[in-house]
Amino acid sequence: MPKYDHKKIESKWKKSWEKNKIYKTNESSDKPKYYVLDMFPYPSGAGLHVGHPKGYIATDIVARQKMMQGYNVLHPMGWDAFGLPAENYALKNKVHPAEATAENIKVFKKQLGLLGFTYDWDREVNTTDPEYYKWTQWIFLQLFKKGLAFESYEPINWCPSCKTGLANEDLEDGKCERCGSVVEQKPLRQWVLKITDYAERLLNDIELLKEWPESIKEMQRNWIGKSEGAIVKFSVVSTTTTPSPSFERRGNVVTPPARGGVGLEAGGGWSNSFEVFTTRPDTLFGATYCVVAPENKMIDELRLKINNIDEVDAYLAQAKKKTTLERTELQKEKTGVELKGVKAVNPVNGEELPIFVADYVLGNYGTGAIMAVPAHDERDFEFAKKYGIRVANVVAKQIGDRINAAVRKVCVGAIIKNKNKYLALYDNITKEYRLPGGGVESNEDDVSALTREIGEETGYANYTIKEFLGEIEANFYALYKKENRIKPFRCYVVELINEDKKEVKGEDARFDVLWLKEEEIMEVFLKNPVDGGEHEMIKRVFGVEKVCFVDDGVAINSGFLNGLETKEAKEKMIKWLEEKGLGQRKIQYKLRDWVFSRQRYWGEPIPLVHCDKCAQRKPKILYIHGIYGSAEENWVPWFKKEMTERGYEVLTPNLSNSESEVNFGEWINELKKLPITQGDKLFIVGHSFGARFACKYIEENGWYVEKLIMVGPTGPSQNESSWKALGAVGCSEESIESVRRLNKEKIDLEKVNELVNATTLYLSDNDPYIPMDVVSDYVGLVLAVRKFHNKGHFNKSAGILELPEILGEFPEVSKLNLGWYPIPEKDLPLELPKVKNYEPTGTGESPLAGIDKWVNTLCPHCGGPAKRETNTMPQWAGSCWYYLAYAMKFGSKFEWNKEKINYWNPVDLYVGGAEHATRHLIYARFWHKFLFDIGVVNSVEPFTKLQNVGLILAEDGRKMSKRWNNVINPDDVVAEFGADSMRLYEMFMGPFDQACAWSTKGVIGCRRFLEKVWNLSLSVIPSDPRTSLVIPSEARADEGSPSRHDRDFSPTATGIRNDKNAKLEILLNQTIKKVGEDIQALHFNTAISQLMIFVNEASQSSVLSLQSFASFLQLLAPFAPHIAEELWAELGNKESIFKSAWPKHDPTKIQHSEITVVVQVNGKLRDEIIVPVDISEADVKAQALGTEKIQKWLEGKEPKKVIYVKGKLVSIVI
RNA sequence: GCCGCGAUGGCGGAAUUGGUAGACGCACACGACUCAAAAUCGUGCGGAGCAAUCCAUGAGAGUUCGAUUCUCUCUCGCGGCACCA
C-alpha cells in the first residue's frame, strides 16, 4: 500500500461525493430533520484566510455525524453579497459591483471546495440575485402594510466617507463601523422600521433561547435596554414681567409635532409644560433643576420668554457642531446654560426650579428632558456642583431592621482629625469601616468613655475634644456582634495633638488605623453598606451631601413618601402622579428604530412609489353609529373634534334609523356615497350595531382598512336579557329583530381579517346589552381586546361623553406614509437598474435618483405621475431571512412554500461570529417574529441553538491582516498538508468558541496523527484480498454479526484473546462514547484528543481488529472525511462511509473489571490500590487501611472517618 | 464608569453534581535506526530535593476530610455598553 498521499485521496473523494450527490437533501424523508447553518459570508475581494472556515468545519462535522446518525440534514451555503465593500471595490476598480461580486463568489466557492464540505449547492443563495431579493422586498412590503415601516425626517447618523445614513447598530464609538469615519448628525428623509414595537418581545423571548451563549443574550438585553419608570409633567412659568409680543416664529423651525413634550396653546401663546422621563420617580422631591436636550423643540417655543436667548443660541450652535463622538468621548466636563426667565414647577411640591439646556441630556431618549436630582444621580451631581445648584437629599441608606433591633446604651463616637486627614478604623474581621467609639459605662461620662475607647481602639493618647455635634439615633446591623441595634449616638470632633500612641491589644487589634482625606472618608462612610451612625456624623462634620447616593434606600424629606423603601416609594409616587394626571408609568427602551435606507447603489431597491397628489389626501376615519344612534351624541362630537385636530378627516354619517327596521342595503348605499376611495388610509370605528355592520361593509366593499375599532359590538352571543334591556329603553320589536337578523347573518370574518390590518374590540364589564362573551363571536379576527370597567354601553346614558383611550388607537399622521404605495406584488422583484454611474452623490440622495427613466412611474392608486423610492436597503436586510430561503429554493427560483419552510424551520444549530450579537441576530429575530405574526413561519424564534466561533489569530498573536502581512491562506495549507489535516487542526487548537493563535507546527502534529492512522491501516488491513470487511449501511456497529462479513477477523476467530485485546475493546467503547458526546457538545478538541489516545494505544498493542478499526474510521470520518472514506473503501466497502450508521458504544464494555482506587490520608494522596470494579464499600475501605504505606501514615492512630467515593478514592481522616 | 467572561507547565490546552492537577498536541532533551541528516520509533519532560517528601492551577482569605472547581476581597487580561436619566 502506498504512502499517505493527501492530494490524490482528497481530489478523488471530492469528485466522487459531487458526482454521487451524497449531500443532496430533500424534504420527503421519514427521518428526523436537522438544520445546521453557518452565518453566510460576505464574499470580499480578499478571499478567505484560515480563520473563516473554522465555523464551517464545525458545522460540517456536525452535519456528517448527524447524517450517520440517521438524520435528514440540511447544511447549506450562500452569499451575503450586497453592501458597501463590494460597491467601493467596484468603484475603485471600475467594474460593476455585480461583476465584482460574481467574481468574488467564484473565488470563495473554489476555496471552500478545497475543504470538502457537505454543502448542497443546489440550494445556494445570493442576496443580490433578483429572484432572491424579490422576497426581501416582499417582506419589506408586508412590514410597510402593517405600519412597521415609516418615513421619517429625524436627523440620523451620516457617514461622510461612505456617503450614506447609518443605523444606530452600525456605529462603533460614534464612528462608522465600516470605515471608521466620525459620524455626523444629518437631517435626512429616510425609511425606518419600527423594531421598537417588538422590543418587549425581543427581550422576553431571550428566555426561550436556552441554547444560546449567555454572553450574547446579555448583550442583546443591554442593547434593548429596558428601563421602567415614569413620565412626569412639569409646568413652566415665566418669571419675566414684560408682556410677550405676539408670538412669532424665528429661524428655520420645523412645525412641532403634536406628540408629547411641549404644545402650543391655541391662541399662539407659549408653551406651558413639558415632560420628563425618570426611572426614579421616588426622588421627585429631590429634584432641584431640570435639563432639556439642545435638540428639544421646547427651547424654540420658549424663546420669547427666555431673557438670555443669545447665550442659549450660542450654546445650541456649539452643541450642534459637536459630533456624536465629541459629545460622548470628550465628555470630561458637562456644560450647559440656564434658560433665564423661565422656571419649571415641581408638580409634587410646587417648587420653582431652574431649567438648563445641556448636552448631557440626549434628545432622542425618553422625552429629551430630565428632572435633575443631584443628591441621587452622579451626572446631575457633577453638573450641580459645577453650577452651584442646590443638592437636596431625599433617600437615606437603608439601615437596620427596626423590628428585631436591640436598644443599646448610649454610645459616643469621634471623628479624629490630624492636619487635613481623618481617622477611620477598618475591621479586619467584618471587613467594614467604622469610627472609634463605644458604649458609655454606668460609671462614666461622655468624655471619659470617649477617652477610654479612643485609647483602646487607636492607641492615640494626645488629643483635644473640639466639638460636640449632637446626638443621633443610629439604627443598624452590627456585623461584629451579629445583631440589629438601635443606639443613641453622641458625636464628637477630636483633634490630634501629636501622633504618640500606645500598643493596641486584645480584641481591638483587629482594627487597621487609616488616615483618610476628606473625599476619601466621605466615600468610605457614605457608601459603606453598614452604618452605625457614621453616615450622619460625616454629614454633620463636612456639611450635607457632598457625595451623591445612587442606591436604593429609604425616602426622607419626601412628604407622603417618607419612610418607604425605594421600590414602594416609586410605586406610590407613580400612583399619585397618575391620580393627579401629572404623569404616568412608562417603560423606555434604549433600542432605537432601525434606520433602513441607504443612499447607495448596491442594495435592494425599496419597492415603493410616491404620489404627490395622493399625499394631499387626509387619512379618513369612518364612524358608524348603532341602532337609534346618531353622530351627534355620546362621545362622537368630542372624538370628531380631537381627531380633526390631529389631521384626520372624520366622516360621521347619520344613517337612516327607521323606526321599524334597519335596512342593510340602504346603509351600504348611504356609505357608498361618502367621499372614500380605494387607497385612502381608512380607519373604521363602529359602535354597537355599527360595529358588526362595519364588518359587513368591509366584506362587501373589499377595500383595505388600516384599523377597525369595534366599541361594544353586537354579536350572536347577545341573549334574551340584552333584548329585554333594549326593549326597556324603547327599542322597537322590529329593530331588535333586525339586530338579531344581522347577528345570524354570516359574516366572512376571514375575509374581513385579510382586509383589515388590525382590529381592536372594546368591551365594558357593565354593558347592559353586550355581554363579554361577544369576544368569541369575533375570534376569526386577529384582534386586541380592551376590557373597560364601568363604561356601560359606551354611551351618554353611561356618562361617556369622552373616550380618551380611543385616541391612542390612531397613529400620528406623519407616520402614516401618506402618498406612499407599494408596487403590486406581482411586479416584484423591482430590479436594481443597470447603470453606468453608481457613485454615491453625497447629497443625501441615492444614485438611483438620477435615473429619470427609472424614477418616474405611475401611481398605483390614482394612475397619475409618481416617483419611485430611490433609497436602497441596508446590507442587513438580505441576511434577515436567508435561513428560510434555503428551504424555499426550487431550481433558480424561490417560492414561499410554507410546508417546506416549516419542515426545516427553525434552525437547529447556528454557528457564527459573536460580532453579530446586536445586529444580524437582533434584526433577524425581529423579522422572524414579524413573519410569525403574519402567519408565514411556524416558530417564534429562528435559531434554536447558537454557537460562537472563536477567532483564529495569526502566529504572532495579532489579527490576520494584509497590513501585518501575517495572513495564512487555506489554499496553501491544504496543498501542503491536506484538507483533512487542516480541518483536524482547526478543531484541535482549543475550545471552539475561544480565540487562538495559528501554529503551523500544530498542523504538522495533526498531519502526523493522520499518518499514524494510515500506518495503522497497513498493519490491520490484509493486503489481499481487499474486499475483506464490508459493513452494510444499515448495520449498527454494535450489532454487526461476523456472518455478514466475507471474512471474519474478529478476535474470537483469530484466537487472540488476551488482556490487551480486552483493554483495547474497552478503549474503543470509551472512544465511541466520548467522541459522540463531544461532537454533540461541540467540544471538538477533546473528541480529537480521544481519537489520538485510541490510535496511540492501538498502534502499540498490535491486536486491533478490522471491526474495531472500521468503527474508529467512522468516528474519524466527520473530522477527516477524505482519509476516512479512502480507508473505508480499502476495507472493501462499496458505499460511502457517510451512508454507514454511526457506531454505538456497548455500555457493558466501557469499564475495566479492575479499577485503581487512590487512598488519601487527611486529603493527601498516599497510595493506590487495585480492586475489582464491584467491590463492596466495606472491603475497599478495609483494603485501603491495610496497605503498608497507609499503615505507616496512620502511625497506629485510629482513623476518625473513612470516606469512600465509589470507583475513585478512599479518604482517611485522622 | 457599568455589565459579562477569563487567568492552569516553555506554548495551545485537559480535568468542575468538589475527589489522583497537567489528558492530548506542540516545543525541548536523551536514546535507537543512519556514514550522516531528515523522517520514524522509544524514553523523559511543572518546580525543589540523592531520596522520603514538600511546594504548585493570577494574589489573599473562607467553607470542607478534600477546592483548578463553591463563597468573599483584590490584581491583571479580553469582550460588550457607555452622559440611556
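Residue numbering restarts at 1 for every chain, and letters A, B, ... go by the order of the sequence lines. Model, not experiment: these values are computed from the prediction.
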Which whole number of Å gives the distance between the P atom of B:G25 and that of B:G18? 30 Å
Measure from the side-chain heavy atoms of A:S1211 and tell me the nearest of B:G12, B:C65, B:A52. B:C65
Hey, what are the protein-to-nucleotides 14-17 of chain B N/O distances that come in under 3.5 Å?
{"unit_1": "B:A14", "atom_1": "OP1", "unit_2": "A:N1085", "atom_2": "ND2", "d": "3.2"}

Donor-acceptor pair, side chain of A:S558 and main chain of A:F285, under 3.5 angstrom: no
Nearest nucleotide by nearest heavy atom, which residue falls closer to the 5' end of RNA chain B, A:L1165 or A:D380? A:L1165
Could you measure between the two P atoms, the one in B:U57 and the one in B:G10, and give it in whole Å? 13 Å
So is A:K590 actually on top of A:Y365's ring, under 6.0 Å and inside 45° of the axis? no
What's the gap between B:G9 and B:A56 when it is taken at their C1' atoms, as a whole Å value? 10 Å
Does NZ in A:K233 sit with more than 12 non-hydrogen atoms of other residues, nucleotides or ligands closer than 6.0 Å? no
Using a cut-off of strictly less than 4.0 Å, decide whether A:K590 has a side-chain nitrogen or oxygen near OP1 or OP2 of B:C2. no
Would you tabulate the pairs of protein nitrogen or oxygen atoms and nucleotide nitrogen or oxygen atoms of nucleotides 37-46 of chain B closer than 3.5 angstrom?
{"unit_1": "B:G42", "atom_1": "OP1", "unit_2": "A:Q1100", "atom_2": "NE2", "d": "3.1"}

When all nucleic acid strands are considered with a 4.0 Å heavy-atom cut-off, which category describes A:I1093: base, sugar-phosphate, or nothing? sugar-phosphate
Quick one: are A:S981 and A:F1009 in side-chain contact, heavy atoms under 4.5 Å? no
Taking the side chain as C-beta and beyond, is there a heavy-atom pair between A:C1006 and A:F977 under 4.5 Å? no
So what does A:R1007 touch, heavy atoms closer than 4.0 Å: a base, only the sugar-phosphate, or nothing? nothing
In whole angstrom, give me the gap between the C1' atoms of B:A52 and B:A59. 31 Å
From the options B:U20, B:A52, B:G80, select the nucleotide whose nearest atom is closest to the side chain of A:K1192. B:A52
Ignoring hydrogens and angles, tell me if any N or O in the side chain of A:Y315 forms a donor-acceptor pair with the backbone of A:P294 under 3.5 Å. no
Determine: side-chain N/O of A:K1201 to OP1/OP2 of B:C65, distance under 4.0 Å, yes or no. yes
In whole angstroms, how far is the P atom of B:C78 from the CD atom of A:E218? 21 Å
Does the side chain of A:N1096 get closer than 4.0 angstrom to OP1 or OP2 of B:G25 through an N or O atom? yes
With no hydrogens and no angle check, do the side chains of A:Q1090 and A:T1071 hold a donor and an acceptor under 3.5 Å apart? yes
Which is true for A:K1164 with a 4.0 Å heavy-atom rule: it touches a base, it touches only sugar-phosphate, or it touches nothing? sugar-phosphate
Writing each nucleotide of RNA chain B 5' to 3' as (, ), [, ], | or . by Watson-Crick or G-U pairing under 3.5 Å yields (((((((..(((......[....))).(((((.......))))).(((....)))..(((((..]....))))))))))))....
Rounded off to whole Å, could you give me the CE-to-P distance for the A:M1092 and B:G12 pair? 17 Å
With nearest nucleotide decided by heavy atoms, which residue, A:L591 or A:V1213, maps closer to the 5′ end of RNA chain B? A:V1213
Decide yes or no on side-chain contact (heavy atoms from CB on, under 4.5 Å) for A:M1092 and A:I1088, but give the supporting numbers first. CA-CA 6 Å; A:M1092 288 171 168; A:I1088 294 168; 4.0 Å; yes
Starting at atom NZ of A:K1001, determine the distance to atom C1' of B:A27, rounded to an integer number of angstrom. 7 Å
What is the separation between atom CZ on A:F988 and atom C1' on B:G25, rounded to the nearest whole Å? 4 Å
Atom-to-atom span, CD1 of A:I355 to C1' of B:A85 - whole angstrom: 17 Å
Whole-Å distance, A:L953 CG to B:G79 P, equals 10 Å
When you measure from the side chain of A:D282 to the backbone of A:A569, do you find a donor-acceptor pair of N or O atoms at a distance under 3.5 Å? no
For the base of B:G1, is there a side-chain donor-acceptor partner from A:E378 under 3.5 Å away? no
Would you indicate whether the side-chain heavy atoms of A:N168 and A:V595 approach each other to under 4.5 Å? no
Is there a donor-acceptor pair closer than 3.5 Å between any side-chain N or O of A:D170 and the backbone N or O of A:A167? yes
Would you check if the side chain of A:N296 reaches a backbone N or O of A:G368 as a donor-acceptor pair within less than 3.5 Å? yes
Can you confirm whether A:F1119 sits close enough to A:D980 that some side-chain heavy atom of one is under 4.5 Å from a side-chain heavy atom of the other? no
Calculate the interatomic distance between A:N1162 atom CG and B:A67 atom P; express it in whole Å. 11 Å
How many Å lie between CD on A:Q1160 and P on B:G66, as a whole number? 10 Å
Quick one: classify the glycosidic conformation of B:G9 as syn or anti, with syn meaning within 90° of 0. syn
So, is A:Y365 near the phosphate of B:A85, with a side-chain N or O under 4.0 Å from OP1 or OP2? yes
Please determine if A:R221 and A:E214 form a salt bridge, counting it only when a charged side-chain N lies under 4.0 Å from a carboxylate O. yes
Contact class for A:G1002 vs. all strands (heavy atom < 4.0 Å): base, sugar-phosphate, or nothing? nothing
